[in-house]
Amino acid sequence: MSIITRFAPSPTGHLHVGNARIAIANALLSLRDGGRFVLRYDDTDVERSRDEYADSIADDLTWLGIEWDEVVRQSARLDEYRGAASKLEKLGRLYKCYETREELELKRKHLLSSKQPPIYDRGALALSDGERASLEAEGRRAHWRFKLAPGEITWADLVRGPQHYDPANVSDPVLIREDGTFLYTLPSVVDDMAFGVTHIVRGEDHVTNTAVQLQIMEALGGTPASLSFAHLPLLVGPEGEPLSKRLGTASLREMRDDGLEPMALASMLAALGTSEAVAVCHDLVALATTFNFAHVSRNSPRFDPNNLWPLNAQLLQETPFAAVADRLGLPDADEAFWIAVRGNIDRLAGAREWWVICHEPLTPVPGEMDFLTAAAEVLPPAPWDGETFRAWVAAVKAETGRKGKALFMPLRVALTGRDHGPELHNLLPLIGRERVLKRLSGDVA
RNA sequence: GACCCCUUCGUCUAGAGGUUAGGACACCACUCUUUCACAGUGGAGACACGGGUUCAAUUCCCGUAGGGGUCGCCA
């Protein structure tokens, strides 16, 4: 059976690296095995879900190169969930509760302050029909909880190994709010079953949900044993702090705007926290071949945006002109220019700087005029090519007796205004003879 | 308060009851007749702490500390 994975974000905000990493893991898994990948918007929270966020998430996923075979919104599948709920009700696994949020909150506080686990006491289960009727007569509206069955819940986790969970440690989960809307728990199970999801890959913040959802799935007639789970440790910040505390630096939007290449990010997120060496991959298919849950560590890996830039630089260095021509924003730039500068930038936008240095007037840094004048006198005639610089330097060397740094550095500074940059033999033809001559004589050119 | 997970160079990790504790990235130096980068070579750099088991523990056990997660009518 072919693999089916899903990424199920709630459209309540923009994509951040934590989510993106989960999306990539799911996408790579299905890519590697030629399976299917479903994008599912868990938009059951109508208060917070917004279309603009759904669009933004889709846009960011696309930017990352992730394609989905199918997209669904839970808000469009309410009938399915209602059907599942009534099935659970008939089985006696779904029951009405009348406590208000305030009452529940109070109970939790009491339990906590008396050092008890804040677990729901199932008070609603003890209600008589008469009591229920009078509560409803008061105008109280019921919310519904799933009745967890006793007994250890077990599953094999692709990352965490054999798992067991005692449902006594959690409250019966509320499945339906008092206004009749669903929480994500039941829809998630219904959809995983309906779409034939074979691998649930998510953050380890979902492990207790897994225990609960396994019971729900079983109650609905599903076969939990056929499902594979992989709970990835959550990313933390550079100091080991929760990433949620620094969402600013973790949003894909911000990194995109900062000039990050999508495959630099994807390469990082796929390898971080695994024994795989972080190495630049140019497409997700190549990345997928390295992806393996057996290589995922159980530690919380630190994500430091600073580590992205060396990767980004390396990626650009390996990128052919055709792949950037349209994005350079320099209509006149050609392949020779790109080849000359790509090794010296860590952001694509950095190419513009060198374009300007080659093609626009430059105020020269005062240099050793005697030397520069001597160099100008032996400047080869046009036309120039990649070998011109070598010939010129040989002539300058013969003329002045200089060598090494003393020979090259003054030329570099005079021609570019900087003490570092792309190879001069590539730059020289781009600057052109006329301009070179002027810069050597100290003129603005 | 309960439950789950984790702790090896700065970072991501490999590792086995006896190893010179390995690799990658970052860092430093040298080389490649300039710079940046690439490449190559070399270098510095780690087993959280305390007990226990053992001839031997970084590895197994217990505890402590630290970190992450969960305990929502959020997802």
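Chain letters run A, B, ... following the sequence lines, proteins first and then strands; every chain starts at 1.
Side-chain proximity of Asp45(A) to A75(B), C71(B), U11(B): nearest is A75(B). In the set U11(B), C71(B), G69(B), the nucleotide with an atom closest to the side chain of Asp205(A) is G69(B). Here the side chain of Pro117(A) is nearest to one of A2(B), G68(B), C12(B), namely A2(B).
The partner of C3(B) is G69(B), by the rule that a Watson-Crick or G-U pair needs both atom distances under 3.5 Å. Remark: U33(B) base-pairs with no nucleotide; criterion is Watson-Crick or G-U wobble with both hydrogen-bond distances under 3.5 Å. In this entry C60(B) has G52(B) as its Watson-Crick or G-U wobble partner, both defining distances falling under 3.5 Å. Under the Watson-Crick and G-U wobble criteria, each requiring two contacts below 3.5 Å, nucleotide A24(B) is paired to U11(B). For G45(B), there is no paired base (Watson-Crick or G-U wobble, both distances below 3.5 Å).
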Restricting both atoms to N or O, compile the protein contacts to nucleotides 32-37 of chain B shorter than 3.5 Å, with distance only.
residue, atom, partner, partner atom, Å
U35(B), O2', Asp419(A), O, 2.8
U35(B), O2, Arg412(A), NH2, 3.3
U35(B), O2, Gly421(A), N, 2.6
U35(B), O2, Gly421(A), O, 2.5
U35(B), N3, Arg412(A), NH2, 2.9
U35(B), N3, Gly421(A), O, 3.0
C36(B), O2, Asn344(A), OD1, 2.8
C36(B), O2, Asn344(A), ND2, 2.4
A37(B), O2', Gln317(A), OE1, 3.2
A37(B), O2', Gln317(A), NE2, 2.6

Every protein N/O within reach of nucleotides 3-7 of chain B N/O, cut-off under 3.5 Å:
residue, atom, partner, partner atom, Å
C4(B), O2', Arg160(A), NH2, 2.5
C5(B), O3', Arg298(A), NH1, 3.1
C6(B), OP1, Arg298(A), NE, 3.4
C6(B), OP1, Arg298(A), NH2, 3.2
C6(B), O3', Asn299(A), OD1, 2.7
C6(B), O2', Asn299(A), OD1, 2.2

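Residues Tyr184(A) and Gln314(A) both approach RNA chain B. Their nearest nucleotides, taken by heavy-atom distance, put Gln314(A) toward the 5′ side.
Applying side chain to side chain contact (heavy atoms under 4.5 Å, CB included) to Pro187(A) and the options Arg77(A), Glu80(A), Gln74(A) leaves one that passes, Gln74(A). The side chain to side chain contact (heavy atoms under 4.5 Å, CB included) test with Asp43(A) is passed by exactly one of Arg48(A), Arg50(A), Arg73(A): Arg73(A).
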message: One character per nucleotide, please: for nucleotides 23-31 of chain B, 5' to 3', B when the base has a protein heavy atom closer than 4.0 Å, S when only the sugar-phosphate does, - otherwise.
response: -S-------
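Every pair tested for side chain to side chain donor-acceptor pair (under 3.5 Å) that includes a residue from residues 335-345 of chain A fails, sequence neighbours excluded, so the list is empty. Note on residues 168-183 of chain A: pairs passing salt bridge (charged side-chain N to carboxylate O under 4.0 Å, His left out), not counting sequence neighbours, are Arg122(A)-Asp172(A). The side chain to side chain donor-acceptor pair (under 3.5 Å) contacts involving residues 413-430 of chain A comprise Glu353(A)-Arg418(A), where partners must be two or more places apart or lie in separate chains.
Ion pairing between a basic and an acidic side chain is recognised when a charged N comes within 4.0 Å of a carboxylate O; Asp42(A) and Arg6(A) show no such pairing.
Atom CD1 of Ile119(A) is separated from atom C1' of G72(B) by 14 Å (rounded to the nearest Å).
Stacking here means ring centres nearer than 5.5 Å and ring planes tilted less than 30 degrees, and by that measure His206(A) stacks onto A75(B).
U20(B) sits 15 Å from G45(B) when the C1' atoms are compared, rounded to a whole Å. The gap from the P atom of C55(B) to that of U13(B) amounts to 36 Å, rounded to the nearest Å.
Classification of the Tyr95(A)-Tyr120(A) ring pair by plane angle, with boundaries at 30° and 60°, yields parallel.
Looking at heavy atoms from C-beta onward, Thr319(A) lies in side-chain contact with His282(A) at the 4.5 angstrom threshold.
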